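Here's the structure we're looking at; comments come further down.
Fair warning: this is a prediction, and the values are worked out from it, not measured in the lab. Counting begins at 1 with the first residue of the sequence.
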Amino acid sequence: MTALPASGREWHLVARPHGWPKAEDFALREVPVAEPGEGRILVRNKHFSVDPYMRGRMNDVKSYTPPYQLDHPMDGAAVGEVVASDAEGFAVGDQVLHGLGWREYARVPAQYAVKVDASLAPLSAYLGVLGMTGLTAYAGLFETASFKEGDAVFVSGAAGAVGSQVGQLARIKGASRVIGSAGSDDKVKLLTEEYGFDAAFNYKTGGSIKEQLKQAAPDGIDVYFDNVGGEHLEAALSSFNLHGRATICGMISQYNSTEATPAPRNLAMIIGKRLRLQGMLVNDHKALQPQFVKDVAGWLASGELKYRETFVEGIENGYDAFLGLLRGENTGKMIVTLN
């Protein structure tokens, strides 16, 4: 075993953001690096994930996952290399996926680490297409939304890590039509030319979301995968066919709002159309993991499924990466790569 470094850097939340997070709400601090301790491994992180759900954890409110503690390191998915081990089954040099991101070195209890195979896919893929975001897309479409062949599917935030995978999975499994919304003309082009969406529109510059969706889906939609909320959800309710199903995965348009948002204003449509809107959390679907990895690895190998990643270099740019994610500056999975 090589000598361990004396210290490493990690991001701490130091104030609860009000509205959009500010640089002064965070601090990058240097802390001592200790031996792993019994039953733990010490991991040098190579990549960590920044995700929209993390914004909610910065608020001091009761939710499905505990809020970040002030003056403590934040966490999230990360992949890295074991540099010291005091746990059976893990050796120095193993590559692992774990939940202690936002830092250079992580002391991880062995039961919360999973070995990953860098020969199957790049390590970063285990944070996205083969990771939590990929399983979110898979479970949210096939289990929560009860997708069936012939469904017309609408995805908001469709150029993001989850949305882009949802649309492609729907196409692979026989959707009659796949429509996506995205926040730039380049992303719209990516959806139709690379990911195989039948139609896509720019929700920022194309005018009414409701009208753009009606033009893109003249025969209506059967499934809506919601990453955005607000006006997108309102538009989907208007375009739903009878017995439509929505997976409510995220509402990124509202995460930094300090006032109540007006949309959707047409919830009464749920009654007449007999719609089903269901929230989802990926942790409820862990039983699907083996089938998910098998299916997605096969579609990646065949070239049927494509993915993009946006890399931000350097732990010192972790806050900038997170803010860029909330602004929609990423295409596909947003990942911080450590030097």
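Heavy-atom neighbours of E24 CD from other residues, nucleotides or ligands within 6.0 Å: above the threshold of 12. More than 12 heavy atoms of other shown residues, nucleotides or ligands fall within 6.0 angstrom of atom CD in Q111. For K46, the NZ atom counts as densely surrounded, since its 6.0 Å shell holds more than 12 non-hydrogen atoms of other residues, nucleotides or ligands. For F311, the CZ atom counts as densely surrounded, since its 6.0 Å shell holds more than 12 non-hydrogen atoms of other residues, nucleotides or ligands.
Counted by atom type alone, Y105 and N45 present zero donor-acceptor pairs between their side chains at under 3.5 Å. When only modelled atom types and interatomic distance are considered, S124 and E309 share a side-chain donor-acceptor pair under 3.5 Å.
In this structure, the separation between CZ on R16 and CG on D60 is 4.5 Å, given to the nearest 0.5 Å. Rounded to the nearest 0.5 Å, atoms CG (L127) and CD1 (I335) are 5.0 Å apart. Atom CD of Q291 sits about 8.5 Å away from atom CG of L288, to the nearest 0.5 Å. One finds the CD atom of Q215 at 9.0 Å from the OG atom of S208 (value rounded to the nearest 0.5 Å). Between atom OG1 of residue T144 and atom CE of residue M280 there is a gap of 4.5 Å, rounded to the nearest 0.5 Å. To the nearest 0.5 angstrom, E81 atom CD is 8.5 Å from D94 atom CG.
Annotation: side-chain hydrogen bond (donor to acceptor under 3.5 Å, both in side chains) contacts of T310 (sequence neighbours excluded): none. Scored by the salt bridge (charged side-chain N to carboxylate O under 4.0 Å, His left out) test, E313 finds no partners at all (sequence neighbours excluded).
Between F197 and I179 the shortest side-chain heavy-atom distance does not fall below 4.5 Å. Residues V228 and L233 are not in side-chain contact: their nearest non-hydrogen atoms beyond the backbone lie 4.5 Å or more apart. Q95 places a side-chain heavy atom less than 4.5 Å from the side chain of V116. When side chains are defined from C-beta on, Q165 counts as touching V129, because their heavy atoms get closer than 4.5 Å. Using a 4.5 Å heavy-atom threshold, the side chains of V162 and N227 count as touching. Using a 4.5 Å heavy-atom cutoff, the side chains of L277 and Y224 are not in contact. Counting only heavy atoms from C-beta outward, the side chains of F147 and F225 never approach each other to under 4.5 Å. Contact annotation: the side chain of P17 never approaches that of K22 to less than 4.5 Å [non-hydrogen atoms, C-beta and beyond].
When all heavy atoms are compared, the tightest approach of A137 to L169 is C-CD1, 4.2 Å. Nearest heavy-atom pair across G19 and R55 is O-NH2, 2.7 Å. Nearest heavy atom pair, residue S176 against residue A152, reads OG-N, 3.5 Å. Closest approach of R177 to D198, counting heavy atoms only: CA-OD2, 3.3 Å. Nearest heavy-atom pair, L191 versus A200, reported as atom, atom and distance to 0.1 Å: CD1-CB, 3.8 Å. Taking all atoms of both residues into account, the shortest heavy-atom contact from P21 to L323 is O-CD1, 3.7 Å.
The pair R103-D75 does not count as a salt bridge, with every side-chain nitrogen at least 4.0 angstrom from each carboxylate oxygen. Using a cut-off of 4.0 Å between Lys/Arg side-chain N and Asp/Glu carboxylate O, K148 and D151 are scored as salt-bridged. Ion pairing between a basic and an acidic side chain is recognised when a charged N comes within 4.0 Å of a carboxylate O; D51 and K333 show such pairing. A salt bridge does not link E30 to R9: none of the charged side-chain nitrogens sits closer than 4.0 Å to a carboxylate oxygen. A salt bridge is defined here as a Lys NZ or Arg NE, NH1 or NH2 lying under 4.0 Å from an Asp or Glu carboxylate O, and K210 with E231 fails to meet this definition.
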For the pair R308 and E194, evaluate salt bridge (charged side-chain N to carboxylate O under 4.0 Å, His left out) and give the outcome as yes or no after the intermediate values.
-> CA-CA 10 Å; R308 291 279 190 98; E194 185 168 329; 2.9 Å; yes
After noting the C-alpha distance and the side-chain angles of V108 and R40, does the key distance pass the side-chain contact (heavy atoms from CB on, under 4.5 Å) rule?
-> CA-CA 5 Å; V108 183; R40 295 175 180 261; over 6 Å; no
Any chance you could lay out the side chain to side chain donor-acceptor pair (under 3.5 Å) test for S119 and D117, step after step, and finish with the verdict?
-> CA-CA 5 Å; S119 68; D117 188 346; 2.5 Å; yes
W11/R29 under side-chain contact (heavy atoms from CB on, under 4.5 Å): CA gap, chis, key distance, verdict = CA-CA 6 Å; W11 280 99; R29 292 172 171 167; over 6 Å; no
H232 and Y203: ring pair (Phe, Tyr, Trp, His ring centres under 6.0 Å), yes or no, with the steps?
-> CA-CA 9 Å; H232 277 82; Y203 71 89; 5.0 Å; yes
Apply the test side-chain contact (heavy atoms from CB on, under 4.5 Å) to residues D71 and V14: give CA-CA distance (whole Å), side-chain angles for both, the deciding distance (0.1 Å), then the verdict.
-> CA-CA 5 Å; D71 295 305; V14 297; 3.6 Å; yes
Passes side-chain contact (heavy atoms from CB on, under 4.5 Å), Y126 versus H47? Steps please.
-> CA-CA 10 Å; Y126 291 95; H47 307 281; over 6 Å; no
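Linking ILVMFWY residues whenever their side-chain heavy atoms come closer than 4.5 Å, directly or via other members, places Y319 and M58 in the same cluster. Hydrophobic clustering, with ILVMFWY side chains joined whenever heavy atoms are under 4.5 angstrom apart, groups W299 together with L135. Hydrophobic cluster membership is shared by M334 and W20, with clusters built from Ile, Leu, Val, Met, Phe, Trp and Tyr side chains linked at under 4.5 angstrom. V43 and L123 sit in two unconnected hydrophobic clusters of ILVMFWY residues. Membership requires side-chain heavy atoms under 4.5 Å apart, directly or through other members. Linking ILVMFWY residues whenever their side-chain heavy atoms come closer than 4.5 Å, directly or via other members, leaves L28 and L100 in distinct clusters.
Ring pair F201/F154 is parallel by interplanar angle, where below 30° counts as parallel and above 60° as perpendicular.
A cation-pi arrangement is present between K115 and F90, with the terminal nitrogen or guanidinium carbon under 6.0 Å from the aromatic centre and inside a 45° cone about the axis.
The backbone N or O of V61 lies less than 3.5 Å from no partner atom in the side chain of N59, so there is not a single donor-acceptor pair. When atom types are taken as modelled, the side chain of H72 and the backbone of L70 share a donor-acceptor pair closer than 3.5 angstrom. Side-chain N or O atoms of T133 include one that pairs as donor or acceptor with a backbone N or O of G128 at under 3.5 Å. Within the 3.5 Å criterion, the main-chain N or O of P66 finds a donor-acceptor partner in the side chain of R57. No donor-acceptor pair under 3.5 Å is formed between the side chain of R107 and the backbone N or O of L42. Although no hydrogens or angles enter the test, the distance criterion places no donor-acceptor pair under 3.5 Å between the side chain of E211 and the main chain of G207. Remark: the backbone N or O of G229 is paired with a side-chain donor or acceptor of D226 at under 3.5 angstrom. Without hydrogens or angle criteria, Q212 side chain to N202 main chain gives a donor-acceptor distance under 3.5 Å. Remark: the backbone N or O of I209 is not paired with any side-chain donor or acceptor of K214 at under 3.5 angstrom.
For residues 262-276, the set of pairs meeting the side-chain hydrogen bond (donor to acceptor under 3.5 Å, both in side chains) definition, not counting sequence neighbours, comprises S146-R276, E234-R265, S238-N266.
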